[in-house]
Structure formats: structure tokens, C-alpha cells
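The next block holds one structure in the form of C-alpha cells; read it before the comments.
These numbers were taken from a predicted model, which means no experiment stands behind them. Below, all heavy atoms of this structure are taken into account, side chains as well, without hydrogens, waters or symmetry copies.
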Amino acid sequence: MAKKFIGEILKEKGIITEEHILFALKEQRTTGERLGEILIRLGFVTEEEVAMVLAEQVGLPFIDLKNVTPHPQALKRVPIHLAEQKSVLPLSVEGDKLKVVVADPYDLSLRDALSRLSEKPVEIMVSPVPQIQRQVNQSYYLLEHPVDQEIEALIQPLKANPETSVDVDRLTELILISAVSKRASDIHITPTDKSTHVAYRIDGVLHLFYSLPAALHPRLIANWKIKAGMDISIQRKPQDGRTAYSFLGETYDLRVSTVPSINGENLVARILYKSSSIFSLPFLGFSTKDLGHIKGLFDRPYGIVLVVGPTGSGKTTTLYAALRHINTLEKNVLTVEEPVEYTLPMVRQTQVNERAGYTFASALKTFLRQDPDVILVGEMRDEETAELGVRASLTGHLVLSTLHTNDAVGAIPRLRDLKVNNFLLSTSLIGVIAQRLVRKVCPYCKETYTPTEEEKAYYSLPETYTLCQGKGCVHCNNTGYLGRTAISEVLVVTSPIAQLIAEDAPPYRIESEAKRVGMTTMREDAVAKACQGITTLAEVKRVVG
């Protein structure tokens with residue numbers, strides 16, 4: 001049987017259409033690039049999707065390297081020059097096998113070379129070139145420059161003499177390198193009466209990594225404030241700043257915030273990763289039922305669709321996946337964001353600039369003169385933006401945006417709070433997607449377990465289930481979790497629900513009607529994922545109670 005081209009498989013899986021291929025062929029006549037390169041550059045497919053299809057084509061497992069930590073013993077078995085030249089990442093040594101990740105599984109000579117070098121049989125997995133190169137650069141750097149040891153060497157003299165001079169600039173850089181290598185979303189530098197704690201938020205959970213001498217705290221905070229363009233002479237008022245950090249060819253944007261506390265200034269730095277991937281909707285973890293509702297909402301020609309949840313719950317990721325679902329070849333899509341986190345070549349993207357007077361509201365006014373089909377507004381945060389969004393949806397546009405609420409029904413009183421008229425709200429709002437992120441059980445140290453009778457009763461577990469937990473290993477930093485997935489509830493505004501909104505009905509009545517017609521709550525979705533062995537009951541309790 002003849003081998004299928006990757007483009008054909010991508011088309012069969014619904015990732016691209018014949019229209020995408022024809023558009024790419026037209027582009028090819030101008031640029032001379034390979035068809036696959038054009039499809040990736042235009043955002044029709046991602047490097048990850050191509051690698052998944054390639055892995056399937058050769059019958060090998062695909063691995064997402066963003067949350068994986070290679071084992072040092074595996075790295076030592078493959079020279080860095082070979083890893084860089086051939087895009088290969090040694091992952092772990094398990095028994096008599098060396099697990100490696102490659103970008104080109106058809107390169108049989110590479111497999112033989114790896115087997116000879118490691119003196120072990122090789123087990124192959126597939127990942128895209130950018131992920132492999134990024135991990136190779138970071139992993140071999142950290143192998144040669146152990147961050148923890150260097151931080152300890154820097155602060156050791158302070159333990160004997162608090163007045164000792166310390167290279168604070170290097171310490172700040174080491175903290176950043178450590179955070180980036182662990183894919184932390186936030187760095188917390190917190191003073192106590194006797195020490196300074198440095199913690200990272202990883203997959204939504206804070207982990208303490210370093211305890212530094214208290215004498216170092218003022219110097220460390222001052223160094224961060226200088227980098228972020230803040231005033232070091234102001235220590236009794238909150239301040240905000242921003243900066244960028246480059247490491248091994250990657251640039252990371254940092255949003256820095258300080259607040260005064262009883263022991264000194266508390267600092268939090270949010271890390272924005274420019275190299276993050278844009279997923280398609282099926283890869284975000286939504287249940288089959290919710291995914292069907294979500295696609296249906298984004299296929300509508302007009303109305304408002306809101307994605308709601310707290311900060312860091314994946315709202316922006318879902319909105320970008322929605323833009324990939326919408327046919328951008330036929331529709332004019334405009335966005336206003338703060339900031340632009342992902343770049344989509346076929347979408348007209350703009351960024352808020354409040355100093356220049358370019359806000360969400362002013363952008364919406366301008367967009368209506370740009371002949372849009374779809375408008376994405378980063379957040380409905382004020383009355384004017386909400387009103388303009390509603391009016392845009394009533395004049396034939398699909399408006400996508402986010403809100404900070406606890407659940408799907410909570411978006412309705414929040415919009416009322418923004419002075420949106422009940423009648424206009426009932427005719428414009430077509431759906432609300434509420435979501436959170438739960439940590440997934442690490443596949444490398446996963447094991448099944450039996451719940452207690454109390455857990456069975458508390459979570460109303462079904463008759464059949466498979467509960468899993470992670471023991472902790474090198475790949476998951478001994479947490480038992482690796483990566484995250486979405487839990488959700490989708491409120492589709494039906495005619496009865498629209499009537500309740502128009503009548504100013506309380507949220508509990510709207511929720512009762514939504515459940516009556518089949519809405520799965522976020523808690524029910526989370527428990528279902530625990531019963532499938534995707535996450536744990538402890539994680540369900542942490543995220544949804």
C-alpha cells in the first residue's frame with residue numbers, strides 16, 4: 001500500500017482543508033518554499049501537528065517536550081554536537097534501553113549511531129524540531145552549569161557575614177534561568193523575618209525552590225526594579241514594571257509587580273513565553289460533548305461568545321484555538337489584545353496602547369470600519385467595551401472575548417454589572433465557556449489506586465472508574481504531575497435561557513435550566529477526568545473544591 005503524503009493525512013484529520021492547500025500552492029509560486037513550510041508559516045498547521053502526523057505515519061509515539069525534564073544520565077550518553085546537528089534529545093535510560101526523541105524518524109543511520117554511542121538499544125519517539133532544539137539547548141546548558149550549585153556558591157559567604165558583597169545581577173539571572181527551565185509562569189520573591197523565599201508557580205501550583213539570607217533581600221529587589229524600569233527610591237507604594245530576558249536565543253517578556261509588606265517589598269514576576277504553541281480545539285482537553293458545543297458556538301455567524309475563568313486558566317489559549325477553527329481564508333478576523341501572546345499570520349492583530357489612547361473600546365470603534373466578520377477583544381473590562389461588543393454582535397459580527405468569573409452562569413450578572421441591558425444581553429449572548437486547568441498525572445510514574453469509601457461518597461464516583469496518581473520521578477520533578485488539561489462547562493444560550501436573561505432572572509434559575517437541557521458542570525467534568533485516570537481526585541478538590 002502506497003504511503004500517504006503528510007498533507008493528505010492532515011486533510012483527512014480535518015486539520016486543514018483543500019482550500020488551505022490551494023492557498024499554500026499559490027503562495028508557493030511566489031516564495032518557492034516547501035508546501036509544509038508554507039502551511040506552518042501561515043498558521044494553517046503547527047509544528048506539533050505535523051510531528052504528530054509524522055509519528056502516526058511511522059507508527060511511533062509522539063511526545064510533547066514542553067513539560068519534560070531529560071535525565072542527566074541520558075544526556076551524558078549523546079554528545080551535544082550530535083544532538084544539535086541531528087535534532088535529537090536523549091530523554092532517559094530505562095533498563096537496557098535509551099529513550100530518545102527525534103524530529104526525523106526515517107533517519108535509520110541516526111538510530112544506529114545512537115545505539116553505538118550509548119551501547120544500548122534505542123527507543124524512538126517523535127517531536128517537532130523547535131521543541132527538540134529548545135530542550136537540547138537548555139538541557140545541555142544546565143548539565144554543564146548547575147544552577148542550584150551556583151546559587152548556593154553565591155549566597156554561602158552571606159551566611160558567615162551578611163555584609164559580604166554578592167553578584168546580585170548574576171543571582172537574578174540564575175533565578176530567571178531556573179524558572180524558565182522549569183516552565184514556571186510566575187516568580188515569587190517573598191521576604192520573611194529571617195529569610196527570603198523564591199518560589200515558582202508551575203502548572204498553577206506554587207513550589208518553594210530557594211531560601212536566601214534575609215540580608216540579601218533589599219539588594220535583590222532593587223536589582224529587579226532597576227531591570228523593570230521601576231523607581232528604587234519608592235519602597236512604601238506598589239509599583240509595576242516590565243522588562244525582557246533573553247536566554248539561549250529565546251526572549252521572555254516579564255511583567256513585574258511589587259507591594260510593600262511588613263518584612264520588606266514582595267515581588268512577583270509573570271513570565272510570558274513567546275515560543276508557546278497554538279493548539280487546535282481537540283487538543284485542549286475538552287470532553288467530546290463540550291467540544292461539540294464549543295465548535296457550534298464558534299461556527300455561528302454573529303453573537304457574543306465569552307470564555308471565562310480566573311487568571312491563568314487558559315482563556316487566551318482557547319480563544320486562539322477558536323481562531324484556528326474559524327475559516328480565516330473566507331472571514332476577516334481582527335483582534336485587540338494586551339499583549340499579543342501568539343502570532344497568527346492570517347489574522348489582523350493589534351495591541352492595546354493606553355498611553356496612545358488605543359484601548360479595547362477605541363479599537364472596537366475602529367474595527368467596525370474595517371469590514372470585520374470576527375472580532376476578538378482580549379477582555380471586557382469596562383462598560384464602554386461591553387456595550388460596544390454587544391452592539392457589534394447585534395450588527396452581524398461574531399465577537400469573542402473573556403471575563404473573570406467563577407462559572408459560566410456568572411458571566412451574566414457580571415455583564416449586568418457592566419451596565420449591559422438585559423434585553424440586549426439576551427439577544428446578543430450566544431454562549432459562555434467556563435474553564436480551569438487541572439494537572440495531569442505524570443505518564444512516566446503513573447499507578448492506579450483504590451479510593452476510600454469517603455472519597456467514593458464525596459465525589460459520587462460511578463460504578464466503573466480508573467483512578468491514578470503519580471509516584472514522582474525525574475520527568476515531573478517528583479510532583480507526580482506533568483502538564484495540564486482543561487476542565488469546562490459550556491452554557492449554550494437557548495430560547496428559554498434567553499427569556500430568563502431578558503426577565504432579569506437570578507443566576508440559579510438560569511443554571512437550573514442549563515442543567516435541565518444537559519449542561520455538564522465543571523466539577524462533573526473534573527470528576528469524569530479523574531475517573532479516566534487523566535487527573536487525580538486531589539487535583540479536583542484543589543481546583544474546584
Side-chain angles (χ1 to χ4, degrees), residues 240 294 297-298 300 302-316 318-319 322 334-339 341 350-354 357-369 372 374-436 488-511 513-514 519 522:
D240 294 304
I294 290 167
L297 291 173
F298 293 136
R300 300 275 284 273
Y302 53 83
I304 293 179
V305 180
L306 296 174
V307 183
V308 305
T311 301
S313 59
K315 299 187 296 296
T316 303
T318 298
L319 283 179
L334 294 99
T335 79
V336 55
E337 308 161 59
E338 187 187 18
E341 293 185 31
T350 68
Q351 185 163 304
V352 166
N353 185 344
E354 293 191 357
Y358 188 66
T359 63
F360 287 124
S362 63
L364 266 172
K365 291 176 183 176
T366 305
F367 283 0
L368 294 177
R369 297 192 290 272
V374 181
I375 297 172
L376 186 153
V377 182
E379 184 184 346
M380 286 195 177
R381 60 172 63 162
D382 55 58
E383 294 175 14
E384 187 181 9
T385 305
E387 181 188 352
L388 289 167
V390 167
R391 296 196 180 281
S393 71
L394 292 172
T395 53
H397 307 95
L398 182 65
V399 178
L400 314 178
S401 192
T402 68
L403 274 178
H404 291 270
T405 67
N406 290 326
D407 54 22
V409 175
I412 295 165
R414 176 70 183 118
L415 287 170
R416 288 170 178 164
D417 186 51
L418 291 174
K419 302 296 188 292
V420 178
N421 176 278
N422 279 317
F423 176 73
L424 293 179
L425 181 56
S426 69
T427 53
S428 61
L429 185 67
I430 60 174
V432 183
I433 304 158
Q435 67 178 69
R436 299 279 196 286
S488 60
E489 62 185 32
V490 182
L491 172 68
V492 178
V493 179
T494 60
S495 295
I497 290 175
Q499 182 64 36
L500 288 170
I501 295 171
E503 293 171 356
D504 199 17
Y508 76 88
R509 285 186 58 197
I510 298 171
E511 184 174 10
E513 173 60 23
M519 183 182 81
M522 207 177 312

Min side-chain heavy-atom separation Asn406-Arg436 under 4.5 Å
yes

Applying the side-chain contact (heavy atoms from CB on, under 4.5 Å) criterion to Val308, which one of Leu403, Asp407, Val409, Leu491 satisfies it?
Leu403

Could you walk me through whether Leu297 and Val490 pass side chain to side chain contact (heavy atoms under 4.5 Å, CB included), step by step?
CA-CA 10 Å; Leu297 291 173; Val490 182; 4.0 Å; yes

Using 0.5 Å steps for rounding, measure from the CD1 atom of Ile412 to the CD1 atom of Ile497.
7.5 Å

Return the minimal non-hydrogen interatomic distance between Ser426 and Ala498, and the atom names on each side.
CB-O, 3.2 Å

Flag side-chain contact, heavy atom, 4.5 Å: Ile304 against Leu415:
no

4.5 Å side-chain heavy-atom contact, Leu400 and Phe298:
yes

Check step by step if salt bridge (charged side-chain N to carboxylate O under 4.0 Å, His left out) holds for Glu387 and Arg391.
CA-CA 6 Å; Glu387 181 188 352; Arg391 296 196 180 281; 3.3 Å; yes

What pair of heavy atoms forms the shortest contact from Gly357 to Ser362, and how long is it?
O-OG, 3.3 Å

Shortest non-hydrogen contact from Leu306 to Ala411?
CD1-CB, 4.2 Å

Would you say Leu368 and His397 make side-chain contact, with heavy atoms under 4.5 Å?
yes

Can you name the nearest heavy-atom pair linking Gly410 to Thr405, along with the distance?
O-CG2, 3.6 Å

Nearest 0.5 Å, please: how far is NE2 in His404 from OG in Ser313?
8.0 Å

When rounded to the nearest 0.5 Å, the distance separating CD1 of Ile501 from CG of Leu424 is 12.0 Å

Working to the nearest 0.5 angstrom, can you tell me the gap between Arg414 CZ and Met380 CE?
11.5 Å

So, does Lys315 use its side chain to make a donor-acceptor pair with the main chain of Ser401 at under 3.5 Å?
no

Working to the nearest 0.5 angstrom, can you tell me the gap between Thr359 OG1 and Arg381 CZ?
9.5 Å

What is the minimum heavy-atom distance between Ala408 and Val432, and which atoms define it?
O-CG1, 3.5 Å

More than 12 heavy atoms of other groups within 6.0 Å of Tyr358 OH:
yes

Are Phe367 and Val377 close enough that some pair of their side-chain heavy atoms sits under 4.5 Å apart?
no

Run the side chain to side chain contact (heavy atoms under 4.5 Å, CB included) test on Ile433 and Val305 for me, step by step, so that the C-alpha distance in whole Å, both residues' side-chain angles and the decisive distance to 0.1 Å come before the verdict.
CA-CA 8 Å; Ile433 304 158; Val305 180; 4.2 Å; yes

Does Gly378 offer a backbone N or O that forms a donor-acceptor pair with the side chain of Thr402 under 3.5 Å?
yes

Side chains of Phe423 and Thr427: does their closest heavy-atom pair fall under 4.5 Å?
yes

Going from OG1 on Thr385 to NZ on Lys365, what distance comes out if it is rounded to the nearest 0.5 angstrom?
9.5 Å

Nearest heavy-atom pair of Glu383 and Leu418: which atoms, and what distance?
CG-O, 3.4 Å

Any donor-acceptor pair under 3.5 Å from Gln435 side chain to Gly314 backbone:
yes

